[in-house]
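Remarks on the structure that follows.
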Amino acid sequence: MGYIHCCSGLHKTRSFVLAPQNGYSICELDYLKKCPVCENIIVQLTRISEQNNVSTIRYKNKNAIAFLKKIKPKILYEKKDIDYSKCKRGKFYLNYNEYGIKKRCYSNLSNLKIGLNSTI
């Protein structure tokens, strides 16, 4: 997921990967459906050449819609972020630290012996 800078803030966009054109190694398209502040539609094409030069093309409103329709056949796929909160994780927990010493649990108050007078 990409970001577009508009109205003094970064806004999340839908990102698409395009087929590389001649002389460019990477081409990406960012599409902001509606800016929450100015309510503009924004499309930004970012290209990186083989010499690592970055060029951007940015359109707003009617020009953005026309440009998006024109470039739609060249879109390969949409980039989607991985939602790590839904990833499956194991339930195994190691109670020892890197030195082989058992970790202490400070939330178990019954094991604490603070303030007790011990007679030796």
What's the separation between atom NZ in Lys80 and atom CZ in Arg14, rounded to the nearest 0.5 Å?
7.5 Å

Give the minimum heavy-atom separation between Gly2 and Ser15, together with the two atoms involved.
N-OG, 2.9 Å

Which residues end up grouped with Leu32 if you chain together Ile, Leu, Val, Met, Phe, Trp and Tyr wherever their side-chain heavy atoms are less than 4.5 Å apart?
Ile4, Ile42

Whichever hydrophobic residues join Leu18 through chains of side-chain contacts under 4.5 Å:
Phe16, Leu29, Tyr31, Ile41, Val43, Leu45, Ile57, Tyr59, Ile65, Phe67, Leu68, Ile71, Ile75

Should side-chain heavy atoms under 4.5 Å link Ile, Leu, Val, Met, Phe, Trp and Tyr, which residues sit in the same cluster as Val17?
Leu76, Tyr77

Shortest non-hydrogen contact between His5 and Arg58, atoms and distance:
O-NH2, 2.9 Å

Taking side-chain contact (heavy atoms from CB on, under 4.5 Å) as the definition, give me every residue that meets it alongside Gln51, ordered by chain and number, with sequence neighbours left out.
Ser49, Asn53

Using the test side-chain hydrogen bond (donor to acceptor under 3.5 Å, both in side chains), find all partners of Asn63 that sit at least two apart in sequence or belong to another chain.
none

Honestly curious: do Ile26 and Val54 fall in one hydrophobic cluster under the side-chain, below-4.5 Å linking rule?
yes

Calculate, to the nearest 0.5 Å, the distance between atoms OH and OG1 belonging to Tyr3 and Thr13 respectively.
8.5 Å

For the side chain of His11 and the backbone of Cys6, is there at least one donor-acceptor N/O pair under 3.5 Å apart?
yes

